Amino acid sequence: MRRNDNYLPVPGEEKNLDMDLNTTARSNESIPMKNMYADDASPLSSRLGPYFSDGRRRVDYVLAYQIQKPASIRRQSSRFGDSNFIRRLRRSLSMRSSRAPLQPKEDPEIAAQDQRTDYHEDDKRFRREEFEENLLETGLELEKDEATKIPGIGFLKIHAPWNVLCREAEFMKLKMPTKKVYEVKQSSNLVETIRLFIHKVTAPLHPKVDANRPQSIKSLSHPFSREKQHLFDLSDRDKFFDSKTRSSIVYEVLKRTRCTRAKYSMGITSLLANAVYTSDYPLHDGDIEGVNAEANDRKLLYEEWASYSVFYKYQPIGLIRKYFGEKVGLYFAWLGVYTQMLIPAAIVGVIVFLYGCATVDDNIPSMEICDPRNNITMCPLCDRACSYWKLVTACGTARASHLFDNPATVFFSIFMALWAVLFMEHWKRRQMRLNYVWDLTGFGEEEQEEHKDHNRAEYEFQVMKKTMKQEQSSPTVK
């Protein structure tokens with residue numbers, strides 16, 4: 001690889017190389033990427049938040065990888081340590097006394113191990129370069145940050161521009177809100193009246209996250225199309241795709257982008273499994289603490305949901321869905337319904353337990369067992385090591401069993417059977433309501449189709465792998 005004006009040096013590597021290590025410096029050249037590394041001299045680089053060094057482009061996804069210097073450079077830098085200084089001093093004194101030069105001997109096993117380590121690290125770096133080139137071809141914008149506080153770890157920041165977001169949103173058939181809005185009218189039946197009355201009574205228990213959002217107005221959602229952009233509200237393009245949608249779009253691109261340098265084509269999942277990248281994750285919207293922390297969804301969730309001081313309040317399911325996605329939102333919605341339905345079951349269970357405590361002294365079987373006048377001797381519990389025992393010793397166990405096994409437990413078992421049916425019906429109603437509010441119509445069918453496509457691709461990959469193994473194991477015909 002020749003160095004020209006289009007190739008940028010990797011920061012933090014050439015500074016540590018000496019002039020006599022030119023052969024090693026060739027392996028540390030970077031791939032041809034525009035705006036690949038953060039510019040510390042940028043006037044907007046001091047802006048806080050998940051942005052590139054220019055302070056304008058938002059970081060939608062981050063890939064972390066390990067930075068490791070070649071073994072020759074590590075050995076060159078290790079010569080200047082304190083322990084190595086003492087060794088060289090002793091060696092120089094011995095050379096003066098014997099007046100014979102001592103030639104340092106290098107362990108061949110260590111040299112071979114270092115050579116294998118350098119080979120694997122170079123292979124990972126080549127895979128990363130090819131993968132990042134393919135990401136640039138898809139339209140994503142990248143920026144590397146290797147001068148971090150964490151030694152040995154580099155970060156690849158990924159930004160999805162507007163044209164990539166529109167293209168992938170159309171490909172993924174994401175439902176986005178249009179300019180058309182309609183009013184959600186409440187029914188005037190008895191059930192709706194009771195629900196509104198309960199909502200007003202429990203108003204202090206609701207989180208303060210939807211105060212400025214009208215509940216009676218809803219936007220009509222439609223699968224995004226670049227040819228029909230006039231139907232969507234694009235007055236603010238920066239907020240049209242929220243952070244959750246942008247991260248999901250970039251992750252889909254990372255899964256589809258292939259790296260063919262290895263024997264098999266790989267996406268980001270295989271690259272993570274092979275330690276080419278150590279981790280991948282999206283960034284949070286902003287800070288939750290500090291004087292200069294701006295108001296954001298993450299801070300709202302921290303204050304109104306993820307705090308012990310608001311454990312008695314309802315969950316902000318809409319905000320959870322907006323920040324984490326539909327799957328996480330549905331999970332916590334189910335968890336909230338389940339916890340809510342456990343309250344009457346717990347109350348009835350406590351009543352049954354208190355009834356057992358009140359009638360334990362009137363229980364005839366436990367009274368007979370605990371009466372010392374009966375003097376009943378029981379047979380040994382085992383053949384050899386056990387001896388005879390008195391029935392009165394089981395008095396505590398008999399009284400404790402009455403607390404949970406009394407005539408009221410028959411009523412509790414019937415109640416729990418009815419409770420299970422009511423819980424399932426209540427969750428179905430809640431789920432259908434969320435499907436309507438969140439525009440998740442046909443969500444289950446889409447998940448099944450994606451699962452079938454994944455299984456089909458996995459089956460084809462296994463067949464191809466088995467075929468290649470058979471070809472390699474078959475004898476060569478001369």
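Fair warning: this is a prediction, and the values are worked out from it, not measured in the lab. Every heavy atom of this structure was used, including side-chain atoms; hydrogens, water molecules and symmetry mates were not.
No donor-acceptor pair closer than 3.5 Å links the side chain of S307 to the backbone N or O of E303. Between the side chain of D371 and the backbone N or O of M367 there is no donor-acceptor pair closer than 3.5 Å. Looking at H206, its side chain never comes within 3.5 Å of a backbone N or O of Y314 through a donor-acceptor pair. No side-chain donor-acceptor contact under 3.5 Å links N374 to the backbone of I376. Between the E168 side chain and the V253 main chain, no donor and acceptor come within less than 3.5 Å of each other. No donor-acceptor pair closer than 3.5 Å links the side chain of T409 to the backbone N or O of D405. Side-chain atoms of T178 come within 3.5 Å of backbone atoms of L220 as a donor-acceptor pair (strictly under, hydrogens ignored). In terms of modelled atom types and a separation under 3.5 Å, the side chain of T339 and the main chain of G336 share no donor-acceptor contact. Using modelled atom types, no side-chain atom of N274 and backbone atom of V276 make a donor-acceptor pair closer than 3.5 Å. Looking only at distances, a side-chain donor or acceptor of T278 sits under 3.5 Å from a matching main-chain atom of A64.
Aromatic rings from W419 and F423 are positioned such that their centres are separated by under 6.0 Å.
For the pair S279 and Y281, the minimum side-chain heavy-atom distance is below 4.5 Å. Between M172 and E252, some side-chain heavy-atom pair lies under the 4.5 Å cut-off. Within the 4.5 Å cutoff, side-chain heavy atoms of I317 are placed close to those of W438. Residues F155 and K144 fail the side-chain proximity criterion, which asks for heavy atoms closer than 4.5 Å. At least one side-chain heavy atom of L142 sits under 4.5 Å from a side-chain heavy atom of I158. In this structure the side chain of H159 never reaches within 4.5 angstrom of the side chain of V59, judged on heavy atoms. For the pair F240/W162, a side-chain contact is recorded, criterion being any heavy-atom separation below 4.5 Å from C-beta on. The side-chain heavy atoms of F131 and L63, taken from C-beta on, include a pair separated by under 4.5 Å.
Taking NZ of K208 as the start and CG of L300 as the end, the distance is 12.0 Å to the nearest 0.5 Å.
No side-chain N or O of Y51 forms a donor-acceptor pair with one of E143 less than 3.5 Å apart. H284 and Y323 form a side-chain donor-acceptor contact under 3.5 Å, judged by distance and modelled atom types alone. When only modelled atom types and interatomic distance are considered, W305 and Q315 share a side-chain donor-acceptor pair under 3.5 Å. Checking N134 against T257 by side-chain atom types alone, no donor-acceptor pair falls below 3.5 Å. K390 and T377 share a donor-acceptor pair across their side chains, judged by distance under 3.5 Å alone.
Using a cut-off of 4.0 Å between Lys/Arg side-chain N and Asp/Glu carboxylate O, D297 and K322 are scored as salt-bridged. Of the charged side-chain nitrogens involved, none lies within less than 4.0 Å of a carboxylate oxygen, so that E141 and K157 do not count as a salt-bridged pair. Between R429 and E425, none of the side-chain N atoms (NZ, or NE/NH1/NH2) sits under 4.0 Å from a carboxylate O, so this pair counts as no salt bridge. Of the charged side-chain nitrogens involved, none lies within less than 4.0 Å of a carboxylate oxygen, so that R125 and E132 do not count as a salt-bridged pair. Ion pairing between a basic and an acidic side chain is recognised when a charged N comes within 4.0 Å of a carboxylate O; D285 and R58 show such pairing. Remark: D60 engages R246 in a salt bridge, criterion side-chain N to carboxylate O under 4.0 Å.
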Note to self: Assess the residue pair T359 and D362 against the criterion (side chain to side chain donor-acceptor pair (under 3.5 Å)); give the C-alpha distance rounded to whole Å, side-chain angles, the decisive distance to 0.1 Å, and a yes or no.
What the structure shows: CA-CA 5 Å; T359 60; D362 299 331; over 6 Å; no

Note to self: Applying ring pair (Phe, Tyr, Trp, His ring centres under 6.0 Å) to Y338 and W334, what does each step give before you reach the verdict?
What the structure shows: CA-CA 6 Å; Y338 179 66; W334 176 87; 5.3 Å; yes

